[in-house]
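A quick note: this is a predicted structure, and the numbers were derived from the prediction, not measured.
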Amino acid sequence: MNYPKFVIKESTNEQYYFNLYSVNGRVIATSELYETKQGCKNGINAVKRDAPEAETDDQT
């Protein structure tokens, strides 16, 4: 599979999370923990759906 991509992983406490990898293969985002794999997939879908609409809040 090519980049960019989402990768679902299982934590040591048997919860799920995803990493978002950029085109150069680096992790650019890590999700919260989800109790179910389906919840994790729902989180991925939310990022895919909502990210094009997201604004940048520069608080520097």
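For the atom pair CD of Glu35 and CG of Asn13, the computed distance is 10.0 Å after rounding to the nearest 0.5 Å. Atom OH of Tyr3 and atom CD1 of Ile28 lie 12.0 Å apart (nearest 0.5 Å). The structure places CD of Glu14 at 12.5 Å from CG of Leu33, a figure rounded to the nearest 0.5 Å.
Asn2 pairs by the side chain to side chain contact (heavy atoms under 4.5 Å, CB included) definition with nothing, not counting sequence neighbours.
Ring-plane geometry between Phe18 and Phe6 is classed as perpendicular, the angle between the planes exceeding 60 degrees on a 0 to 90 degree scale with a lower cut at 30.
Under the 4.5 Å side-chain heavy-atom criterion for Ile, Leu, Val, Met, Phe, Trp and Tyr, Ile8 and Val47 are members of the same hydrophobic cluster. When the side chains of ILVMFWY residues are joined at heavy-atom separations under 4.5 Å, either directly or via intervening members, Ile44 and Tyr17 end up in two distinct hydrophobic clusters.
Within the structure, the side-chain hydrogen bond (donor to acceptor under 3.5 Å, both in side chains) test picks out the following pairs touching residues 39-52 (sequence neighbours left out): Gln38-Asn42.
Residue Tyr21 comes nearest to Lys9 through the heavy atom pair OH-CE, 4.2 Å, listed as atom of the first residue, atom of the second, then distance. The shortest non-hydrogen separation linking Cys40 to Tyr16 is CB-CB, 3.9 Å.
For Lys37, the NZ atom is loosely surrounded, since the number of other residues' heavy atoms within 6.0 Å does not exceed 12.
Judged purely by distance below 3.5 Å, without hydrogens or angles, the side chains of Asp58 and Thr56 never pair a donor atom with an acceptor atom.
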Report the C-alpha separation of Leu20 and Thr30 in whole Å, then their side-chain angles, then the decisive distance to 0.1 Å, and conclude whether the side chain to side chain contact (heavy atoms under 4.5 Å, CB included) test is met.
CA-CA 6 Å; Leu20 172 57; Thr30 300; over 6 Å; no
